[in-house]
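Residue numbers run from 1 in the order of the sequence given.
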Amino acid sequence: MNTTHPSRPSPARDRGVLMDIIGFAPAPTLSRELFALVVNAALIAVVLAVLQPPLLGTIVVAAIMAVWLLGRLAAGFAVRGYARPAGSTR
């Protein structure tokens with residue numbers, strides 16, 4: 001049967017590294033999540049170095065972003081199962 005509706009994307013479709021960096025949900029693998037964490041931390045450091053906010057502002061922004069990034073990492077362990085061995089399928 002021919003339909004004019006586009007097919008739905010599969011839920012397991014790879015979303016790309018850029019979306020790992022700027023996305024809300026954790027990356028599909030631990031290595032990609034760690035890469036996103038490092039890139040995000042570097043971007044935040046560059047923005048803070050360029051803007052040079054007061055020390056208190058820098059500390060507040062850095063603390064909020066650290067909590068955000070570590071929360072994403074923790075969510076990845078809980079939701080994506082980063083701690084499971086790579087060969088585990090059960």
Side-chain angles (χ1 to χ4, degrees):
M1 173 194 281
N2 286 337
T3 63
T4 59
H5 301 291
S7 63
R8 294 182 185 172
S10 68
R13 196 173 88 189
D14 187 17
R15 65 182 187 177
V17 176
L18 179 61
M19 284 308 296
D20 289 344
I21 294 170
I22 63 173
F24 179 74
T29 63
L30 178 58
S31 60
R32 286 175 62 167
E33 182 63 33
L34 291 175
F35 175 77
L37 190 142
V38 169
V39 169
N40 279 318
L43 288 173
I44 293 163
V46 167
V47 168
L48 290 176
V50 169
L51 296 179
Q52 295 181 353
L55 182 60
L56 181 61
T58 302
I59 291 170
V60 168
V61 168
I64 290 170
M65 292 312 297
V67 168
W68 171 259
L69 294 173
L70 292 175
R72 256 184 61 158
L73 185 63
F77 275 99
V79 175
R80 303 276 189 186
Y82 293 159
R84 273 184 281 157
S88 175
T89 57
R90 291 186 184 190

task: Classify the angle between the aromatic ring planes of F77 and Y82 as parallel (below 30°), tilted (30 to 60°) or perpendicular (above 60°).
output: perpendicular

- prompt: Who else is in the cluster with I59 when I, L, V, M, F, W and Y are joined by side-chain contacts under 4.5 Å?
  reply: L55

- request: Using modelled atom types only, decide if a donor and an acceptor are shared between the side chain of E33 and the backbone of P26 within a distance under 3.5 Å.
  value: no

- prompt: For the residue pair L48 and P53, what are the closest heavy atoms and their distance?
  reply: O-CD, 3.4 Å

message: Going by side-chain contact (heavy atoms from CB on, under 4.5 Å), F35 matches just one of V39, L37, V38. Which one?
response: V39

task: Please report the shortest heavy-atom distance between A49 and Q52, naming the atom on each side.
output: O-CG, 3.0 Å

field: Closest approach of R84 to R80 (non-hydrogen atoms, all atoms of both residues)
entry: NH2-O, 3.1 Å

field: Value rounded to 0.5 Å, distance of OG1 in T29 from CG in L34
entry: 8.5 Å

- prompt: In the single-linkage hydrophobic clustering (I, L, V, M, F, W, Y; side-chain heavy atoms under 4.5 Å), do W68 and I44 co-cluster?
  reply: yes

task: Show the numbers, then the answer: is there a side-chain contact (heavy atoms from CB on, under 4.5 Å) between V61 and V47?
output: CA-CA 11 Å; V61 168; V47 168; over 6 Å; no

- prompt: In the hydrophobic clustering that connects Ile, Leu, Val, Met, Phe, Trp and Tyr at side-chain heavy-atom distances below 4.5 Å, which members other than V46 occupy its cluster, ordered by chain and number?
  reply: V50

query: Do the non-hydrogen side-chain atoms of I21 and V17 ever get within less than 4.5 Å of each other?
result: yes

message: Check whether N40 reaches the backbone of I22 with its side chain - one donor and one acceptor, N or O, closer than 3.5 Å.
response: no

query: Under a single-linkage definition using a 4.5 Å side-chain heavy-atom cutoff for Ile, Leu, Val, Met, Phe, Trp and Tyr, are L43 and L18 assigned to the same hydrophobic cluster?
result: yes

task: Taking all heavy atoms of P28 and all of D20, pick out the closest pair and write down the distance.
output: CD-OD1, 3.6 Å

- prompt: Does G23 offer a backbone N or O that forms a donor-acceptor pair with the side chain of R72 under 3.5 Å?
  reply: yes

